[in-house]
Colleague: 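Here you go, one structure.
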Amino acid sequence: MKNIIKRISIIGASIVSVIVIIYLLSNVGLAYQSLYFPNQEKEFKVKIDERNIEPQISIYIKKNKQETFEIEVIDSDGKSIEPDYIGGDRFTSKDKFYYSYRIFTGKGKEYTVKIKNKTDAFVYSYVSVNNNN
């Protein structure tokens with residue numbers, strides 16, 4: 001009887017392990033999905049290339065989470081930059097929200113993008129920070 005219980009528990013643990021591994025492998029493409037703890041702030045460093053003709057920083061978040069996050073872009077001198085455009089564009093899917101920061105004088109500089117969860121809850125959301133180098 002003990003051997004049967006032992007075998008069943010090993011088989012059950014193996015099945016659960018395989019299911020977890022399959023789930024993790026199937027969600028590898030969700031690299032931009034992030035867990036934000038209550039009031040947590042994450043920083044992303046963005047480097048603009050010297051040869052970039054129209055430097056721009058693009059930030060995409062889930063549309064239903066736009067009120068959840070506070071977004072700030074800071075240049076290497078510590079100055080905050082205001083977004084050039086907020087909303088959707090023809091390249092943004094309908095469930096995502098888009099922030100565009102055009103950097104006309106910032107070639108060759110590094111920028112810090114701070115994204116903060118303003119709520120007191122855990123938030124699991126799509127967040128993407130890109131440049132157009």
Side-chain angles (χ1 to χ4, degrees):
M1 189 66 170
K2 287 183 181 181
N3 286 337
I4 294 174
I5 294 173
K6 186 176 180 180
R7 284 183 184 216
I8 290 174
S9 64
I10 290 173
I11 291 171
S14 299
I15 291 171
V16 169
S17 299
V18 168
I19 291 171
V20 168
I21 289 171
I22 290 172
Y23 174 76
L24 291 175
L25 290 177
S26 67
N27 288 320
V28 168
L30 299 177
Y32 296 110
Q33 294 281 359
S34 294
L35 176 64
Y36 286 80
F37 290 97
N39 298 305
Q40 179 186 14
E41 181 177 88
K42 291 188 180 183
E43 289 187 4
F44 301 89
K45 299 290 184 184
V46 179
K47 176 96 166 120
I48 301 295
D49 193 76
E50 284 279 343
R51 298 174 305 240
N52 195 330
I53 296 170
E54 295 181 4
Q56 178 178 344
I57 297 173
S58 302
I59 302 167
Y60 298 91
I61 61 172
K62 284 283 210 185
K63 193 173 268 186
N64 62 351
K65 303 290 187 193
Q66 87 188 62
E67 297 299 322
T68 305
F69 293 111
E70 180 179 301
I71 297 174
E72 183 178 18
V73 176
I74 302 168
D75 67 7
S76 56
D77 298 328
K79 290 185 249 174
S80 184
I81 300 170
E82 294 298 317
D84 184 51
Y85 178 77
I86 299 175
D89 66 356
R90 62 186 174 150
F91 302 111
T92 309
S93 64
K94 296 196 184 310
D95 66 334
K96 296 197 178 53
F97 203 71
Y98 172 66
Y99 294 81
S100 173
Y101 294 83
R102 297 202 185 266
I103 317 291
F104 296 110
T105 60
K107 294 180 180 180
K109 290 185 179 180
E110 184 173 82
Y111 294 85
T112 304
V113 177
K114 294 182 178 182
I115 301 176
K116 182 178 181 182
N117 176 6
K118 298 188 297 187
T119 67
D120 291 330
F122 291 91
V123 176
Y124 186 68
S125 180
Y126 174 91
V127 174
S128 174
V129 178
N130 304 311
N131 63 20
N132 65 341
N133 284 340

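For the numbers below, each heavy atom of this structure counts, side chains included, while hydrogens, waters and symmetry mates do not.
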Colleague: Quick check for you: to the nearest 0.5 Å, what is the distance between R51 atom CZ and D49 atom CG?
Modeller: 4.5 Å
Colleague: Report, one line per pair, each donor and acceptor closer than 3.5 Å where one atom sits in a side chain of residues 80-88; sequence neighbours left out.
Modeller:
residue : atom : partner : partner atom : Å
D84     : OD2  : R102    : NE           : 3.1
Y85     : OH   : G88     : O            : 2.6

Colleague: Among the clusters formed by ILVMFWY side chains lying less than 4.5 Å apart, do V18 and I10 turn up in the same one?
Modeller: no
Colleague: Applying side-chain hydrogen bond (donor to acceptor under 3.5 Å, both in side chains), can you list everything that pairs with N117, at least two apart in sequence or on another chain?
Modeller: T119
Colleague: Distance check, rounded to the nearest 0.5 Å: S128 atom OG versus I115 atom CD1?
Modeller: 9.0 Å
Colleague: Run the ring-centre check on F69 versus Y36 and record whether the distance is less than 6.0 Å.
Modeller: yes
Colleague: Answer with yes or no after comparing the ring centroid distance for F122 and F37 against a 6.0 Å cut-off, counting only values under it.
Modeller: yes
Colleague: If you draw a 6.0 Å radius around CD1 in I53, do more than 12 non-hydrogen atoms from other residues or ligands fall strictly inside?
Modeller: no
Colleague: Say you draw a straight line from OG of S76 to NZ of K47; how long is it, rounded to the nearest 0.5 Å?
Modeller: 8.5 Å
Colleague: Do N131 and I103 come close enough that some side-chain heavy atom pair is under 4.5 Å?
Modeller: no
Colleague: How far does NZ of K109 sit from CG of D77, to the nearest 0.5 angstrom?
Modeller: 4.5 Å
Colleague: What is the minimum heavy-atom distance between E43 and T112, and which atoms define it?
Modeller: OE1-CG2, 3.8 Å
Colleague: How are the rings of Y101 and Y99 set relative to one another: parallel (under 30°), tilted (30 to 60°) or perpendicular (over 60°)?
Modeller: parallel
Colleague: Is it possible for you to check whether K96 lies under 6.0 Å from the centre of the six-membered ring of Y126, through NZ or CZ, and within 45° of that ring's axis?
Modeller: yes
Colleague: Quick one: closest heavy-atom pair of N39 and K116, and the distance?
Modeller: O-CE, 3.7 Å
Colleague: Sequence neighbours left out, what passes side-chain hydrogen bond (donor to acceptor under 3.5 Å, both in side chains) with Y98? Give chain and number order.
Modeller: Q56
Colleague: So, do I48 and I57 sit near enough that their side-chain heavy atoms are less than 4.5 Å apart?
Modeller: yes
Colleague: Could you grab the distance from atom OG of S14 to atom CZ of R7, nearest 0.5 Å is fine?
Modeller: 12.5 Å
Colleague: For the residue pair T68 and K118, confirm or rule out a side-chain donor-acceptor distance under 3.5 Å.
Modeller: no
Colleague: For the CD atom of E72 and the CD1 atom of I59, what is their distance to the nearest 0.5 Å?
Modeller: 10.5 Å
